[in-house]
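Note sheet for the following structure.
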Amino acid sequence: MPVPPRKTIPAAVLRKTLLDWYDAHCRDLPWRSPPSATPPPAYRVWLSEIMLQQTTVTAVIPYFLKFLKKWPQIENLAAADREDVLEAWAGLGYYARARNLHQCARAVMENYGGDFPADEAELRKLPGIGPYTAAAVASIAFDIPAAAVDGNVERVIARYHGLKTPLRDNKKFLKSEAEKLVFAGKTRAGDFTQSLMELGATLCTPKNPQCGRCPWQGGCVAHLNGIAADLPVPPPKTVKPVRYGTVFVLFCPDKKSVFLQKRPDDGLLGGMTEFPSTPWNETPPKTGKDIKKYLPQTVKTAEWQVLPEEIVHHFTHFTLRLSVWQGCGTETSAENRQSWVPAAEVEQRALPGVMQKVWRAALESFKRK
DNA sequence: GAGGCGTGGGC
DNA sequence: TGCCCAAGCCT
């Protein structure tokens with residue numbers, strides 16, 4: 001059934017409506033100041049925005065608090081060893097963010113005397129800060145009007161205008177509509193940026209949107225047509241390939257230390273710590289010989305225990321199935337980027353999630369023996 | 001500009 | 001259970 005054409009609501013009215021809603025309903029988050037209050041230090045805004053890239057609020061909160069405690073000011077973070085930053089980030093994912101975070105802190109110290117520039121274009125030049133984050137920091141930390149268009153904002157606007165084509169085909173329009181709203185007022189730039197995202201995060205959610213509570217329900221094309229939950233149209237789904245590998249949990253003869261190494265700085269899990277492993281290929285290794293040739297050169301091992309359960313881990317673009325071989329090494333001249341680490345300290349290293357799974361599995365089997 | 005890049009939680 | 005997803009950036 002066709003819906004009668006709605007009256008266009010002026011951007012300034014939408015803006016005010018949303019800010020009023022935000023004043024009443026915004027969440028209390030560790031990196032957020034209350035509505036109309038003095039903005040948080042740019043360091044905290046930036047730190048939270050980097051962590052929140054493609055990551056849920058729930059996952060971020062403990063990491064944000066840990067970082068702030070460890071490195072209260074940007075000069076502390078800039079002065080930290082990269083390894084310590086990676087260790088603190090371990091488990092949060094998208095590790096290029098941690099490398100860029102550290103680089104960015106050092107760049108702000110060197111180029112801006114420790115103060116983030118209060119300028120969107122200048123922020124954009126810093127490592128790890130793209131169009132979204134530059135606008136978010138400019139508006140939230142400095143109250144500069146700027147359109148921070150993230151996934152939430154795109155979804156909200158796509159529904160409001162009833163867009164029936166994929167988001168990627170509407171980037172220009174989405175940005176332009178966001179700007180209309182942002183520049184429809186001259187104050188509270190930071191609150192407005194957050195209000196738009198807050199709407200997407202709490203009411204205008206991907207699934208089960210709470211249109212009945214939405215301050216914009218009167219003008220929302222998708223809602224008025226009863227199709228809010230069906231928008232935006234999802235991109236075609238692709239099949240995730242499976243990759244296979246074998247990973248070595250190698251103990252010293254005294255069983256007190258294990259062999260760890262560092263991954264190259266670029267690419268998957270760049271710069272993070274790992275257990276030695278075969279490459280992760282689309283077919284499993286065929287023979288024991290195929291597997292053993294990937295053992296660290298300096299290590300000789302007599303006996304292996306193959307863990308009964310494979311580790312299954314879902315990366316963004318492939319699924320990994322890892323066999324875990326546990327063994328005992330008899331040679332110990334660790335080279336660069338490799339080391340024997342006391343078992344009690346393994347968990348403090350920069351182990352990505354998949355390697356934390358491997359370690360837990362190894363400890364489990366150890367306990368059972 | 002399309003693909004690489006993590007992880008844990010919700011349904 | 002498996003699938004989908006969350007405040008993007010970089011190359």
Side-chain angles (χ1 to χ4, degrees), chain A residues 26-27 29-32 44-64 86 89-101 103-104 123-141 146-156 166-169 171 174-175 178 190 192-202 204-208 229 232 234-243 263-272 274 280 311-320 350-357:
Chain A
C26 70
R27 292 169 294 176
L29 299 172
W31 46 83
R32 176 179 282 175
R44 301 189 190 193
V45 175
W46 162 74
L47 180 60
S48 69
E49 289 300 338
I50 300 300
M51 288 184 166
L52 285 163
Q53 290 168 5
Q54 300 289 285
T55 308
T56 57
V57 164
T58 313
V60 165
I61 287 176
Y63 283 87
F64 176 80
L86 293 182
W89 195 279
L92 197 55
Y94 285 134
Y95 298 100
R97 292 184 297 172
R99 305 193 299 271
N100 287 331
L101 183 85
Q103 280 196 47
C104 182
L123 287 164
R124 181 68 185 77
K125 296 177 184 172
L126 290 162
I129 298 188
Y132 161 76
T133 304
V137 173
S139 60
I140 299 172
V149 183
D150 72 335
N152 285 311
V153 174
E154 292 191 342
R155 183 174 58 257
V156 167
L167 294 178
R168 63 163 187 278
D169 299 335
K171 294 292 182 185
L174 292 164
K175 172 96 176 186
F192 184 72
T193 288
Q194 296 183 85
S195 72
L196 208 41
M197 293 191 287
E198 193 81 349
L199 184 64
T202 63
C204 195
T205 47
K207 293 171 183 174
N208 306 316
K237 56 183 161 194
T238 58
V239 287
K240 246 192 210 182
V242 181
R243 294 190 197 172
R263 294 178 63 86
D265 280 342
D266 296 319
L268 184 68
L269 310 177
M272 302 298 285
E274 67 174 359
W280 301 341
I311 302 290
V312 180
H313 190 79
H314 302 281
F315 287 101
T316 307
H317 53 298
F318 67 95
T319 294
L320 179 63
L351 287 191
V354 61
M355 292 297 153
Q356 294 178 24
K357 281 187 191 173

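Just so it is clear: chains get the letters A, B, ... in the order the sequence lines come, proteins before strands, and each one is counted from 1. These numbers come from a predicted model, not from an experiment.
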Under 4.0 Å, heavy atoms only, any strand: does [X] hit a base, just the sugar-phosphate, or nothing?
X	answer
A/Gly270	nothing
A/Thr133	sugar-phosphate
A/His314	base
A/Leu92	base
A/Val354	sugar-phosphate
A/Pro234	nothing
A/Trp31	base
A/Leu29	base

Do [X] and [Y] get their side chains close enough for a donor-acceptor pair, meaning under 3.5 Å?
X	Y	answer
A/Glu49	A/Tyr132	yes
A/Lys240	A/His317	no
A/Arg97	A/Thr55	yes

Problem set entry | P gap between C/dC9 and B/dG8, integer Å | 23 Å
Exercise. So how far is it from A/Thr205 OG1 to A/Arg155 CZ, rounded to the nearest 0.5 Å?
Worked result: 7.0 Å
Expressed as a whole number of angstroms, how long is the span from [X]:[atom1] to [N]:[atom2]?
X	N	atom1	atom2	value
A/Tyr95	C/dG8	OH	P	17 Å
A/Leu86	B/dG6	CG	P	12 Å
A/Lys240	B/dC5	NZ	P	13 Å
A/Trp89	B/dC5	CH2	P	18 Å
A/Gln54	B/dG4	CD	P	15 Å
A/Lys171	C/dG8	NZ	P	10 Å
A/Lys357	B/dG8	NZ	P	7 Å
A/Asn208	B/dC11	CG	C1'	8 Å

Exercise. Tell me, do A/Tyr95 and A/Asn100 make a side-chain contact under 4.5 Å, heavy atoms counted?
Worked result: no
Exercise. B/dG9 base to A/Thr56 side chain: any donor-acceptor pair below 3.5 Å?
Worked result: no
For this session: Return yes if the base of B/dG6 and the side-chain atoms of A/Thr55 contain a donor-acceptor N/O pair under 3.5 Å, otherwise no.
Result: yes
Seminar exercise, completed: Residue pair A/Ile129/A/Val57 against DNA chain C: nearer the 5' end by closest nucleotide is A/Val57
For this session: Could you pick out which residue, A/Asn100 or A/Arg32, lies toward the 5' side of DNA chain C when each is mapped onto its nearest nucleotide?
Result: A/Arg32
Would you indicate which nucleotide in [options] comes nearest to any side-chain atom of [X]?
X	options	answer
A/His313	C/dG8, C/dC10, B/dG6	B/dG6
A/Tyr132	C/dC10, B/dT7, C/dC9	C/dC9
A/Gln53	B/dC5, C/dC4, C/dC9	C/dC9
A/Arg124	C/dC10, B/dG6, C/dG8	C/dC10
A/Leu269	C/dC4, C/dC9, B/dG6	B/dG6

Exercise. Closer to the 5' end of DNA chain B via nearest nucleotide, is it A/Arg168 or A/Gly91?
Worked result: A/Arg168
For this session: On the 0 to 90° scale, with breaks at 30° and 60°, tag the A/Phe64-A/Trp31 ring pair as parallel, tilted or perpendicular.
Result: perpendicular
Exercise. OP1, OP2 of B/dG4 versus side-chain N and O of A/His317: anything below 4.0 Å?
Worked result: no
Exercise. Would you say C/dC4 has OP1 or OP2 under 4.0 Å from some side-chain N or O of A/Lys207?
Worked result: no
Exercise. Thinking salt bridges, do A/Lys175 and A/Glu154 make one under a 4.0 Å N-O criterion?
Worked result: no
